[in-house]
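Lettering follows sequence order; numbering is per chain, from 1.
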Amino acid sequence: MDKRYDFSAEAERTLYDDWEKRGAFQCAGHCDGKDSYTLMMPPPNVTGRLHIGHALDNTLQDILVRLRRQQGYDCLWLPGTDHAGIATQLLVSRHLAEQGVALEQLSREEFLAHTWRWKEQYGNIILQQLRRLGASCDWQRARFTMDEGLSRAVRRAFLTLYDQGLIYRDERLVNWDPQLQTAISDLEVRQQEKQGQLCLIDYPLQNGQQEGQQEGQGARGRSITIATMRPETLFGDLAVAVHPADERYRALQGKRCLVPLAEREVAIIADERVQREQGTGALKITPAHDFLDFEIGKQHGLPLLSIFDAQARLNDEVPAAYRGLSREQARARVLADLKSRGLLREVRMETHSVPHGERSGVALEPRLTKQWFMNTEGLARGALEAVRKGETTLLPQTWINTWRQWLENIQPWCISRQLWWGHRIPVWYAPDGEQIAARNEKEAMQKAETKFGKKVALVQEEDVLDTWFSSALWPFSTLGWGNEEAREADEAPLFRRYFPTQLLVTGFDILFFWVARMVMMSLHFTKRVPFRIVYLHALIRDTQGRKMSKSLGNVVDPIALMDRYGCDALRFTLASQAVPGRDLRLSEKRIEGNRNFVTKLWNAARFLEMQHCRYDENFRTNEVEGAVHRWMLTRLHKLAAGVEEDLKDEVCLFHEAASKLYHFLWGVFCDEYLEMIKPALGGEGREREEARVASAWIFYGVVRLLHPFVPFVTERIFRECKVFDSCKGRLLMTEKTLQANDITFGDWNADVEEVAWVLGLMNKIRSWRSELGVSPQATVPWFGEVGDNTKRKLERWEDVLRAMAGVEWRSRYAGRGTALTFDGLDVDTKLVLSEEIDINTFKAMIRKKMQDWKKTKQSSSMKLDNVKFKNNAPHEIWKAEEDKLTNAQSQIDWLSRIEEDIEKILKES
RNA sequence: GGGUGCGUAGCUCAGGGGUAGAGCGUUGCCUUCACACGGCAGAAGUCGUUGGUUCAAUUCCAACCGCACCCACCA
């Protein structure tokens, strides 16, 4: 083995290629006697580059899927990419613009051809990056949401929902992105806090009415004052509304006022949705440009008047002077004109939240357009029920509230987008506007012919579907559902074998966008939940706890981190930080620490190799004789059981498993076990043989348990370390994992306790040596009167104690030096310390310890004297407290004996 | 307005009704033949505040103070 572990990209790549070449990632594809286990990778955008969130997501999935394979499941981890309508179209447009091609010059077909070419060329970068991360997905099954098969599934789903009346076309207000010039769904809206001008504007009353002079704020003299943050929309005003019970405006209800600049006379209507305390209590109603106004207008039979074009510029419905102005320009002009007419009562700055497009970042405009909607109410009920009944479990379970809240208040989903890149809506229009939904043009023609009794010209809908529509089908569309036009979907062999999936791992930020919709669609089309468990991991923040964003420039590049520390270090860090329900801050220091952990593992392997430890599959744990090995096997048993439990689908405590493994390998295996067997390894005979073979067997177990977390270094060790020579040609990743019941026991309690005793004794001695400043090189003689039992134990551990604590047991001692009573545990002995020790420092130290123990003794006896404690506390607790007191007393006694020794020494000198 | 989570060592964070834990940092000692990306030993915490439940609260409950986040609304 190399002295230093090489975690370079090239070295890791060699291992990865070998796994892939040997088909270790592939599922069987059919029933092979094993249980199946399916994970669907949340498909990253084709435009994507691996960011740290992907790294977390896929590391966790990879850990699980590697472990399940080692546990003997036939695993399918299906990767793929999402066509990402808006993102991709934007990117390709920009790409084309750089080459001097304007979007307007291209036909739809030409643009799509460009985009497909772009996708072939650049769309797979993220998949390469996932390989770097060690993701062991089945690349042969990789899918893209616009693959032919998936597109068929999309059409099938659409047509079914259309026939069921759940998808329909409607003219309503939608969130319109004036830059992208498409509708977007409610979920793609981001509220942004902005400073804005709240404008109080007088709308003059008509017909010389004089009422409403009561309150100064509201109606004053010959006008009614409305408040608005959007004065430029007044051209679309078709009413003014007040609350029916509002005393200030009671007399004005049913009267009319004039919308200034627009010079339109409108009614003052009463509606309970008007809030009296907001603004002036009088609300201008612009039905085509505000969601609340739309509702109020509908109820009062007001017409709809759109005053903006697709780019949110004022259109021909407004007076000529304002036409073509942007929202911002119009606002300034309107305010100036109102002011000059004396109708602008007041302008004050206020913060309010303004809806912005998630992608474009520009302020959105509610806009009246014809769009396609999906009624999700009934489907949402199913999704609610599935989670309530536990068919699907959300982890951490706290998400159930959020889940319920959203699904109970679900709104129709706007599924059409005015884009080119995506699944074109499979609906054709006849000349009279009649809709014909069909799988393809040919079928549409036939349907039309049947319907109209003759051939008619058809035009396909221009819009495409929201990207999330196809993502919502991902768990089953990827498995062949809907692919075979003529036959039942359930006959698709992959679907039958691998659906439903076991687990979905994703970030909580797409709980509604994606997870909820997958559950809804899956229940609707397959009558089954798409996954049993949804593990929602947290967000990764920077070291200051801020969200990572391009604008802040605090985005961490996982590839760079892997270059610096190796993939395993990054993976282990992510896993050990993955605490459910809590955001994690990524610190490079921690990655560095885990790089060290990887190195430690490598060095442990080197050590075993040098000591001629060799794995032998004929080794039987229950035949082991050495106490250290028995103790170690007991610990290993506990570790295997613990890790298995932590990584159950319904548990998913990655951080717990990682921490157990970390401390086992470093703190127990290296620091305690290897140190303790060093004397045996350096010796000879049966003991040495057992140490060689037992340690190798144990190490093999540890390496397998670690593999899902740190696949590269473990595979490399398995392949290169001579310890595993007997496994030549095999892959660690396909070895069966170590399970707790692989370790069979004898009655080892006495040995286990004895090793714990030795370790405790050693720690005590080391601690005293260090505090007293005894040179680490000095071997301290140690002698005394002990019982036979203790004597046997001390003799048995003589070598270990010498090596690890630097003490040498003598049954008699007559040499020089200061002899001190040492009975930290149950060993009543004298420890000979060198003369250089400063006796006064020592004395002070003893006094301090004495005080601490006295304090403990006091608090313990107080507790024990409490009758209520005795009556109510469980017996074990009571007993433990009593032991604590006894121990404190014996420590005190011991320290007093040392004090006596010290006094004697001081007297002698 | 509705909801969720978080205040634990200098920093980043685990934990959880009965001796307070880790990593990093820090102090002392050790370049001993796996590893200085190391070893050994140590220092360091009123577990946000105040009440309540309990024999026992850092842990459970309530209120409060701070800090995030999600949904809705915003004239």
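Comparing atom distances between the A/Asn596 side chain and each of B/C37, B/G3, B/C55 picks out B/C37 as nearest. Checking B/G15, B/U19, B/C70 against the side-chain heavy atoms of A/Phe512 singles out B/C70 as nearest. Of the candidate nucleotides B/G25, B/A75, B/C37, B/C37 has the atom lying nearest to any side-chain atom of A/Arg595.
Nucleotides B/A20 and B/A43, compared at atom C1', are 15 Å apart to the nearest Å. Comparing the C1' positions of B/U46 and B/G7 gives a spacing of 15 Å, expressed to the nearest Å. For the P atom pair drawn from B/U58 and B/G18, the interatomic distance equals 11 Å after rounding to whole Å. A gap of 24 Å separates the P atoms of B/A72 and B/C67, to the nearest Å. Taking atom P on both nucleotides, B/A41 is separated from B/C47 by 28 Å, rounded to a whole Å. Comparing the P positions of B/U49 and B/C65 gives an interatomic distance of 15 Å, to the nearest angstrom. Comparing B/G10 with B/A68, their P atoms are spaced 22 Å from each other, to the whole Å.
Residues passing the salt bridge (charged side-chain N to carboxylate O under 4.0 Å, His left out) test with A/Lys868: none are found, sequence neighbours excluded. Partners of A/Phe699 by ring pair (Phe, Tyr, Trp, His ring centres under 6.0 Å), not counting sequence neighbours, listed by chain and number: A/Phe669. With sequence neighbours left out, the salt bridge (charged side-chain N to carboxylate O under 4.0 Å, His left out) criterion links A/Arg582 to no other residue. Judged as a salt bridge (charged side-chain N to carboxylate O under 4.0 Å, His left out), and not counting sequence neighbours, A/Glu408 has no contacts.
Atom CD of A/Glu592 and atom C1' of B/G38 are 14 Å apart (whole Å). Rounded to whole angstrom, the span from the CG atom of A/Leu601 across to the C1' atom of B/G38 amounts to 15 Å. Between the NE2 atom of A/His243 and the P atom of B/A75 there is a distance of 17 Å, rounded to whole Å. Between the P atom of B/A43 and the CD atom of A/Glu771 lies a distance of 7 Å, rounded to the nearest Å. Rounded to whole angstrom, the span from the CG atom of A/Asp583 across to the P atom of B/C69 amounts to 9 Å. Nucleotide B/C69 holds its C1' atom 14 Å from the CG atom of A/Leu511, rounded to whole Å. B/U54 atom P lies 15 Å from atom CG of A/Asn871, rounded to whole Å. Separating the CD atom of A/Gln405 from the P atom of B/C69 is a distance of 17 Å, rounded to the nearest angstrom.
Side-chain nitrogen and oxygen atoms of A/Ser767 include at least one within less than 4.0 Å of the OP1 or OP2 phosphate oxygen of B/G42. A sub-4.0 Å separation between OP1 or OP2 of B/G15 and a side-chain N or O of A/His655 is present. Put simply, A/Arg769 has no side-chain N or O that comes within less than 4.0 Å of OP1 or OP2 on B/A41. Taking 4.0 angstrom as the limit, A/Asn866 places none of its side-chain polar atoms (N or O) nearer than this to OP1 or OP2 of B/C55. A/Trp666 has a side-chain polar atom (N or O) that falls below the 4.0 Å cut-off from OP1 or OP2 of B/G39.
A/Arg230 has a carboxylate O that lies under 4.0 Å from a charged side-chain N of A/Glu365, or vice versa, which qualifies the two as a salt bridge. In summary, A/Arg276 and A/Asp246 do not engage in a salt bridge, as defined by a charged side-chain N under 4.0 Å from a carboxylate O. By the 4.0 Å N-to-carboxylate-O rule, A/Asp799 lies close enough to A/Arg802 to be salt-bridged with it.
No close placement of the A/Tyr615 and A/Phe718 rings is indicated, their centers lying 6.0 Å or farther apart. For A/Phe572 and A/Phe597, the gap between ring centers is short of 6.0 Å.
Because its NZ or CZ atom is both nearer than 6.0 Å to the ring centre of A/Trp413 and within 45° of the ring axis, A/Arg517 counts as a cation-pi partner of that residue.
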Enumerate all atom pairs, one protein N or O and one N or O from nucleotides 5-10 of chain B, separated by less than 3.5 Å.
unit_1	atom_1	unit_2	atom_2	d
B/C6	O3'	A/Arg582	NH1	2.9
B/G7	OP1	A/Arg582	NH1	3.4

Please write out the pairs of protein N or O atoms and N or O atoms of nucleotides 26-31 of chain B separated by less than 3.5 Å, giving the distance to one decimal.
unit_1	atom_1	unit_2	atom_2	d
B/C30	O3'	A/Gln777	NE2	3.4

Please write out the pairs of protein N or O atoms and N or O atoms of nucleotides 33-36 of chain B separated by less than 3.5 Å, giving the distance to one decimal.
unit_1	atom_1	unit_2	atom_2	d
B/A34	O2'	A/Asn603	OD1	3.3
B/A34	O2'	A/Arg606	NH1	2.9
B/A34	N7	A/Lys678	NZ	3.4
B/A34	N6	A/Glu675	OE2	3.2
B/A34	N3	A/Asn603	O	3.1
B/A34	N3	A/Ala604	N	3.4
B/C35	O4'	A/Asn603	ND2	3.3
B/C35	O2'	A/Asn603	ND2	3.2
B/C35	O2	A/Lys600	NZ	2.8
B/C35	N3	A/Lys600	NZ	3.0

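Judged by distance alone, the side chains of A/Arg590 and A/Thr573 never bring a donor and an acceptor atom under 3.5 Å apart. Counted by atom type alone, A/Ser861 and A/Lys863 present zero donor-acceptor pairs between their side chains at under 3.5 Å.
Contacts classified as side-chain hydrogen bond (donor to acceptor under 3.5 Å, both in side chains) and involving residues 655-667 of chain A (residues at least two apart or in different chains) are given here: A/Asp646-A/Lys660.
Remark: RNA chain B forms stems of 3 or more consecutive Watson-Crick or G-U wobble pairs, all pair distances under 3.5 Å, at B:1-7 with B:65-71, B:10-13 with B:21-24, B:26-30 with B:38-42, B:48-52 with B:60-64.
Listed by residue number, the members of residues 561-568 of chain A with any heavy atom below 4.0 angstrom from RNA chain B form an empty set. Scanning residues 872-880 of chain A for heavy-atom distances under 4.0 Å to RNA chain B yields A/Asn872, A/Ala873, A/Pro874, A/Ile877.
Nearest heavy-atom pair, A/Ala578 versus A/Tyr535, reported as atom, atom and distance to 0.1 Å: O-OH, 3.7 Å.
Judged by distance alone, with hydrogens and angles left aside, A/Arg585 brings no side-chain donor or acceptor close enough to the base of B/U12 to form a pair under 3.5 Å.
Residue-level contact check: A/Val274 touches the bases, meaning some heavy atom is under 4.0 Å from a base atom. Counting non-hydrogen atoms under 4.0 angstrom, A/Asn763 reaches the backbone sugars and phosphates but no base.
Between the side chain of A/Arg571 and the backbone N or O of A/Phe709 there is at least one donor-acceptor pair closer than 3.5 Å.
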Going by atom type alone, with no hydrogens or angles, which donor-acceptor pairs under 3.5 Å involve a side-chain atom of residues 599-608 of chain A and a protein atom two or more places apart or on another chain?
unit_1	atom_1	unit_2	atom_2	d
A/Thr599	OG1	A/Arg595	O	3.0
A/Trp602	NE1	A/Asp2	O	3.0
A/Asn603	OD1	A/Arg606	NH1	2.8
A/Asn603	ND2	A/Thr599	O	3.1
A/Arg606	NH1	A/Lys3	O	3.3

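The side-chain contact (heavy atoms from CB on, under 4.5 Å) with A/Leu292 is formed by just one residue from the set A/Val274, A/Leu283, A/Asp271; it is A/Leu283.
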